[in-house]
Enquirer: 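Handing you this structure, nothing more for now.
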Amino acid sequence: MAAALLANVLYSTGFVLEKRALAALPAVTIREPARLLRLVLGSPLWIFGSLSLAAGFGAQLAVYRTLPIAAAQGIFVSGLVLLVLLSSVLLGEETTGRERYALGAILAALLMVVLSLDESSDTVSRSAPYALVLTVCLPALALGVWLYGSAERRARHRHRMPTTGVEYGVAVGLLYGVSSLAIKGVSSYLTTSGLGSALAGLLRSPYPYLLLFTGPFGLVMSQAALQRCRASLIVPVCTTVTCLFTAVLGTLSFGEALPQDPLRLALRLGGTVLAITVLVALPKHDPTPQPPVVAKELTPP
């Protein structure tokens, strides 16, 4: 639990620092990944934010060794509250009333997931069939890249309304969902003895190669999206998609059984459906700013 809460703080801090650093940089795009990396690596603030995210990754490894996947996701998403607060204080971002209600509904949905947990019966799985993992992950990666490319093409239309970033958040969330499953897989190889055999087994698994794909692609895609969209909306959407993907498909892939008790099962399934419904209902565009009204000067007749 302590590691999960620490991961929340590190991830929220890292995203906000990266967003603040990106605001001071020239516009970046996924079509110029080398330029994007050169710009962000030249920003000390961005590097500090990325180090915070990397430390969150380390805390996440510890969490997956001690908690079931669904339980871990419920705790991770509680960090959305901290993210919204930091975005408001450090970035000056304001959420609309509809978005605040949506975030509240997401937290309620994930609270339902947490309440569905039972430490006495929930098990922590250490392995999953590689074929099943790839069957789950490869289509998700393809869908995430396609969604992002589709959002980019629509954003280039001259008369398109300003986007909130929901499409970007869903796309990056799918990549991070795959990354989260890979982290879960890597955590099963962490051991204090037989390090050589554990490393050999890890290299024979698909997990390090999934991380090698989602790492660079997720970095480039997330930074371009984070620069042009509000962190207070895109990161919650991304986090929710990641957590739902990991909780549902990760639970099935790693064989961590659903609750047998009808009430706990209803809470887990109901929380999942509620979170997905909220994501679908979120506004896809920011309101177009209205030009100030200039009062006409009255002239005497």
Enquirer: Taking Leu61's backbone N and O only, do any of them form a donor-acceptor pair with Ser187's side chain (distance below 3.5 Å, no angle check)?
Expert: no

Enquirer: Does the plane of the ring in Tyr207 sit parallel, tilted or perpendicular to the ring in Phe254? Use 30° and 60° as the thresholds.
Expert: parallel

Enquirer: Under a single-linkage definition using a 4.5 Å side-chain heavy-atom cutoff for Ile, Leu, Val, Met, Phe, Trp and Tyr, are Phe57 and Leu17 assigned to the same hydrophobic cluster?
Expert: no

Enquirer: Measuring only between side-chain heavy atoms, which start at C-beta, is Val40 closer than 4.5 Å to Leu25?
Expert: yes

Enquirer: Between Tyr148 and Met221 (side chain of the first, backbone of the second, donor and acceptor by atom type, cut-off under 3.5 Å), is there such a pair?
Expert: yes

Enquirer: Are the side chain of Thr242 and the backbone N or O of Cys238 linked by a donor-acceptor pair below 3.5 Å?
Expert: yes

Enquirer: For Leu219, is there any backbone N or O sitting under 3.5 Å from a side-chain donor or acceptor partner on Ser222?
Expert: yes

Enquirer: Taking side chain as C-beta onward, heavy atoms only, is Glu18 less than 4.5 Å from Ser52?
Expert: no

Enquirer: Which distance, rounded to the nearest 0.5 Å, do you find between the CH2 of Trp46 and the CG of Leu39?
Expert: 11.0 Å

Enquirer: Taking Tyr176 for its side chain and Thr214 for its backbone only, find out whether a donor-acceptor pair lies under 3.5 Å.
Expert: no

Enquirer: Kindly work out whether a path of hydrophobic side-chain contacts (I/L/V/M/F/W/Y, heavy atoms less than 4.5 Å apart) joins Trp146 to Val170.
Expert: yes

Enquirer: Can any side-chain N or O of Ser50 pair as donor or acceptor with the backbone N or O of Ile47 at less than 3.5 Å?
Expert: yes

Enquirer: For the pair Thr13 (side chain) and Leu10 (backbone), establish whether a donor and an acceptor sit closer than 3.5 Å, ignoring hydrogens and angles.
Expert: no

Enquirer: Would you confirm whether Gln223, through its side chain, and Leu36, through its main-chain N or O, come within 3.5 Å as a donor-acceptor pair?
Expert: no

Enquirer: So among Val145, Leu141, Leu147, which one has a side-chain contact (heavy atoms from CB on, under 4.5 Å) with Leu174?
Expert: Leu147

Enquirer: Closest heavy-atom contact between Val178 and Ala140?
Expert: CG2-CB, 3.9 Å

Enquirer: Quick one: closest heavy-atom pair of Leu210 and Cys137, and the distance?
Expert: CD1-SG, 4.1 Å

Enquirer: Once you round to the nearest 0.5 Å, how far does OG1 of Thr29 lie from CD of Gln227?
Expert: 9.5 Å

Enquirer: What's the shortest heavy-atom distance between Leu274 and Met112, and which atoms?
Expert: CD2-SD, 4.3 Å

Enquirer: When you measure from the side chain of Tyr209 to the backbone of Leu203, do you find a donor-acceptor pair of N or O atoms at a distance under 3.5 Å?
Expert: yes

Enquirer: Given side chains that start at C-beta, do those of Ser179 and Leu211 come closer than 4.5 Å, heavy atoms only?
Expert: yes

